[in-house]
Amino acid sequence: MPDQGKTVPEKFLKPYDAVATEPAVYKKWEDSGYFNPDNLPGDRTEAFSIIMPPPNANGSLHVGHALFVTLQDLLIRYKRMRGFKTLWLPGADHAGFETQLVYEKKLEKEGRSRFKMEREEFYNETLKFTQENKHYMEGQLRQLGASCDWSREKFTLDPAIIKTVYDTFKKLYEDGLVYRGVRPVNWSTKYQTSLSDLETKMVERKDPLYYLKYGPFVLATVRPETKFGDTAVAVNPNDARYKEWVGKEIEFEGLIGPIKLKVIADEYVDPEFGTGVVKITPAHDPNDFEVAQRHNLPIVEVIDKYGKLTEKCGKYAGLKVMEARKVVAEDLAAKGLLEKVDENYTHTVLVNYKNENDILEPRVMPQWFIKMAPLAEMARKAVEDGRVNFVSDQYRKIFFHWLENLRDWNISRQIVWGIPIPAWFKGNEVKIQDETPGEGWERDTDTFDTWFSSGQWPFATLGYPDSPDFKTFYPTSVMETGYDILMFWVMRMIMLGLYRTGEVPFRDVYLHGLVRDANRQKMSKSKGNVINPLDVAEKYGTDSLRMALLIGNTPGQDMALAEDKIKGYKLFSNKLWNIARFVLENAGDADTDAAYVAKDQEYLTQFEALTADITKDIEEYRVYMAAEKLYHYLWDVFAANLLEESKPIFKTGSPEEAASRKRLLMTILSDSLKLLHPFMPFITEEIWSSMQGIDGLLMVAEWPAK
RNA sequence: GCACCCUUAGCUCAGUUGGUAGAGCAGCGCUUUUACACAGCGAAGGUCGGGGGUUCAAAUCCCUCAGGGUGCACCA
């Protein structure tokens with residue numbers, strides 16, 4: 001053995017064992033206290049902060065979570081090494097409606113139902129369920145290497161968070177931006193709650209289109225069962241066919257007695273569609289409601305909250321919508337009031353975004369709404385003048401487009417699992433406070449839309465307005481999350497952050513895409529194509545998973561992830577491990593003052609250029625490029641050239657050449673570990689710990705770029 | 001209907017401010033010579049969706065067509 005006498009730790013004689021190494025490395029980091037910005041070494045004045053998008057505490061982490069952990073941990077580790085006072089604040093979301101759905105399903109499996117439980121009982125069980133999940137998730141985040149400050153962890157139901165949410169609600173109410181309105185909402189008869197416009201989806205369906213005889217008119221509708229709620233028929237003001245009817249009343253025999261309806265003219269009616277005549281049912285169609293507002297039409301509720309016809313429908317009362325549709329159509333036909341039926345009519349229906357079988361019923365109900373126009377304007381300005389910067393420009397465009405079509409936001413939910421709305425009613429009086437105002441007041445039983453509280457997450461978690469953390473870390477530096485919650489969350493945070501604090505909640509928005517399977521299919525349990533991040537992390541190492549998630553993944557774009565790709569970076573880990581072994585065996589005794597020969601000086605210059613390049617890439621959020629460049633350099637330059645060339649130098653070269661080369665290898669290895677650490681934190685820290693003469697943790701080593 | 005994105009090697013994707021193309025996997029070939037068999041090395045592979053334009057120069061900028069995807073939207 002030519003290398004006798006060199007001391008290389010025995011672990012390098014075996015392939016890198018990620019599974020055995022990673023938990024111990026994480027423990028070292030956590031024990032060091034450096035996750036907490038207050039404990040970081042040196043004099044750090046400039047802050048860098050990321051608020052972690054709180055995972056929903058209703059399940060385990062999926063590969064999408066692994067992606068955000070990887071991206072955010074990378075940015076945090078990079079800035080920590082650059083000398084910033086870095087805070088990455090973790091949390092968990094009670095995720096109101098979604099968690100309630102998950103828990104209801106669980107109850108269903110046990111043959112139970114929340115409708116047979118006391119409110120409190122259901123709430124407490126769900127709370128226990130989320131707390132267990134939350135604990136489990138924290139372990140998973142650690143496994144993924146998240147260097148977040150656990151001492152500052154927050155939960156959306158923490159009393160301090162709830163207090164902030166209440167204060168915001170009260171302020172909005174006092175400013176006239178929150179109002180109690182009787183307006184159309186998206187009602188789920190299945191889950192017995194309203195949903196915001198964002199929590200709905202349009203799906204295409206084929207339904208019969210019925211042509212009904214309304215006195216002198218024929219009009220088309222998919223929903224004959226709502227006819228009992230008609231309060232007018234409408235035509236287009238420019239439609240010559242019906243001009244003489246406008247303002248008059250039509251009278252005809254209905255199913256439950258004679259009907260009298262006013263004929264109104266409104267631009268809403270498209271003369272080209274159907275017969276150009278529309279029945280107006282304000283209580284069960286948001287458009288009809290708007291028409292009714294313009295024409296002062298009465299609103300008659302004919303469908304109740306269970307989706308059954310009301311007593312206004314005579315003998316049809318009590319029938320469910322779909323049954324009623326059939327019966328009403330039959331009876332109309334029998335009475336000769338049905339002109340024809342188009343059986344192949346394709347249209348869109350509004351459904352629950354979490355359950356396409358849950359067709360939503362538009363209903364007019366008293367609910368809490370937020371006036372969006374003033375808030376949207378604040379947000380628009382902030383993005384327009386660059387106070388908030390989108391890393392990918394496409395989402396800036398989508399953001400502006402979205403702001404154009406905003407309706408007021410329904411923030412009250414008729415569900416148990418959530419933050420109770422601090423409102424009290426007595427007759428027509430309303431008071432906003434948490435404690436009872438006294439005798440005769442009744443508390444609102446509704447809870448907040450979960451996005452109303454998460455929309456306040458950045459300033460709520462930092463303890464607005466008095467906490468030192470708020471002063472140090474707000475506005476936060478980056479918001480990194482999936483583009484799928486741009487509207488749900490990012491928009492609302494910008495609006496509510498600006499409204500409440502006067503400042504944007506974050507400066508840069510980095511939106512990542514969906515992680516799909518190798519064939520670009522969405523991962524789903526039913527398809528069986530799910531990659532469980534913790535499983536593959538145990539198989540190939542967390543570092544390999546992180547690299548696989550980073551390389552070839554650009555902001556805002558979906559990525560395909562195959563297990564083979566992760567495996568590929570396991571090979572890279574092993575390559576790096578063996579590079580380290582070679583360097584330690586052959587250059588472990590390097591003299592750090594040795595003079596560089598010309599060739600080695602060239603290598604060093606090349607490496608310094610790479611360092612600057614990679615630094616720029618990270619600064620400009622091209623982390624995928626930085627990762628690829630490092631991969632390429634280490635494999636194709638360091639291993640293939642530097643190491644191979646070194647072998648003859650160490651065998652037959654001059655002492656000057658050998659000394660120069662030893663110093664070069666040690667220098668480039670140690671700086672490479674620094675550059676690679678934000679990407680592959682575990683293996684780099686582990687190698688670092690074995691390098692002679694290097695003290696301390698790599699996670700707080702100084703970044704090598706000038 | 002409006003808006004946005006995508007189309008590059010067999011597959012999945014990169015390509016920063018315009019300078020005649022890169023990675024991983026698959027496929028092909030070679031190698032068990034002490035950094036690496038839990039592999040390694042090498043070669044091959046593309047008229048950058050079609051057409052037009054700007055430019056000394058276009059995968060990159062502009063126009064247009066085609067295909068795919070997503071978001072928003074009040075057609076009963």
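Reminder, nothing fancy here: chain letters follow the sequence lines and each chain counts from 1.
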Given atom [atom1] of [X] and atom [atom2] of [N], what is their separation to the nearest angstrom?
| X | N | atom1 | atom2 | result |
| --- | --- | --- | --- | --- |
| D393(A) | U16(B) | CG | C1' | 15 Å |
| M559(A) | A23(B) | CE | P | 18 Å |
| Y624(A) | U16(B) | OH | C1' | 7 Å |
| Y631(A) | A23(B) | OH | P | 10 Å |
| L486(A) | C5(B) | CG | P | 14 Å |
| E563(A) | C11(B) | CD | P | 22 Å |
| D613(A) | G15(B) | CG | C1' | 13 Å |

Pairing pattern in dot-bracket form [Watson-Crick, G-U; both distances under 3.5 Å; | = partner strand] for RNA chain B: (((((((..((((.....[..))))..((((.......))))......(((((..]....))))))))))))....
Sequence-aligned protein contact record of nucleotides 67-76 of chain B, with B where the base is within under 4.0 Å of a protein heavy atom and S where only the sugar-phosphate is: ----BSSBBB
Where protein sits on nucleotides 36-44 of chain B, one letter per nucleotide: B base, S sugar-phosphate only, - none, heavy atoms under 4.0 Å: B-BSSS---
Separation of the [atom1] atoms in [N] and [M], to the nearest angstrom:
| N | M | atom1 | value |
| --- | --- | --- | --- |
| C30(B) | A43(B) | C1' | 10 Å |
| A9(B) | G45(B) | P | 15 Å |
| A26(B) | A35(B) | C1' | 28 Å |
| A21(B) | U47(B) | P | 13 Å |
| U20(B) | G69(B) | C1' | 31 Å |
| G18(B) | A23(B) | C1' | 23 Å |
| G15(B) | C72(B) | P | 26 Å |
| C74(B) | U16(B) | P | 38 Å |

Candidates R325(A), K326(A), H284(A) - the one meeting side chain to side chain donor-acceptor pair (under 3.5 Å) with E225(A):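 Of the listed options, the one satisfying the test is R325(A).
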Residue among K567(A), E563(A), K565(A) satisfying side chain to side chain donor-acceptor pair (under 3.5 Å) with Y540(A):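 Output: one option passes, namely E563(A).
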R380(A) bridged to E377(A) by N-O distance under 4.0 Å: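 Yes.
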Salt-bridge present (R622(A), E620(A); N to O < 4.0 Å):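 Judged by the 4.0 Å cut-off on N to carboxylate O distance, R622(A) and E620(A) do form a salt bridge.
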Tell me what [X] touches on the nucleic acid: a base, only sugar-phosphate, or nothing, going by heavy atoms under 4.0 Å.
| X | answer |
| --- | --- |
| E620(A) | nothing |
| F12(A) | nothing |
| T554(A) | sugar-phosphate |

Check: L642(A) main-chain N/O paired with R661(A) side-chain donor or acceptor under 3.5 Å: yes
Backbone N/O of M372(A) and side chain of D408(A): donor-acceptor pair under 3.5 Å: yes
Does a side chain donor of either [X] or [Y] reach within less than 3.5 Å of an acceptor in the other side chain?
| X | Y | value |
| --- | --- | --- |
| N410(A) | Q367(A) | yes |
| Q557(A) | Y624(A) | no |
| Y621(A) | D508(A) | yes |

Residue met sooner reading RNA chain B from 5', once A560(A) and K397(A) are mapped to nucleotides: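 By nearest-heavy-atom nucleotide position, the 5'-most residue is K397(A).
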Which residue lies more 5' along RNA chain B, comparing R622(A) with H632(A) via nearest heavy atoms: R622(A)
Aromatic plane relationship, Y214(A) with F252(A) - under 30° parallel, 30 to 60° tilted, over 60° perpendicular: tilted
Parallel, tilted or perpendicular: rings of Y569(A) and Y631(A) (30°, 60°):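 It falls in the perpendicular class, over 60°.
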Pi-cation contact, Y353(A) with K201(A) (under 6.0 Å, within 45°):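 Relative to the ring axis of Y353(A), which defines the angle, K201(A) lies outside at least one limit.
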Test applied, side chain to side chain contact (heavy atoms under 4.5 Å, CB included); reference residue, W489(A); option that passes from I494(A), T481(A), L198(A):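 Testing W489(A) for a side chain to side chain contact (heavy atoms under 4.5 Å, CB included) against I494(A), T481(A), L198(A) leaves exactly one candidate, T481(A).
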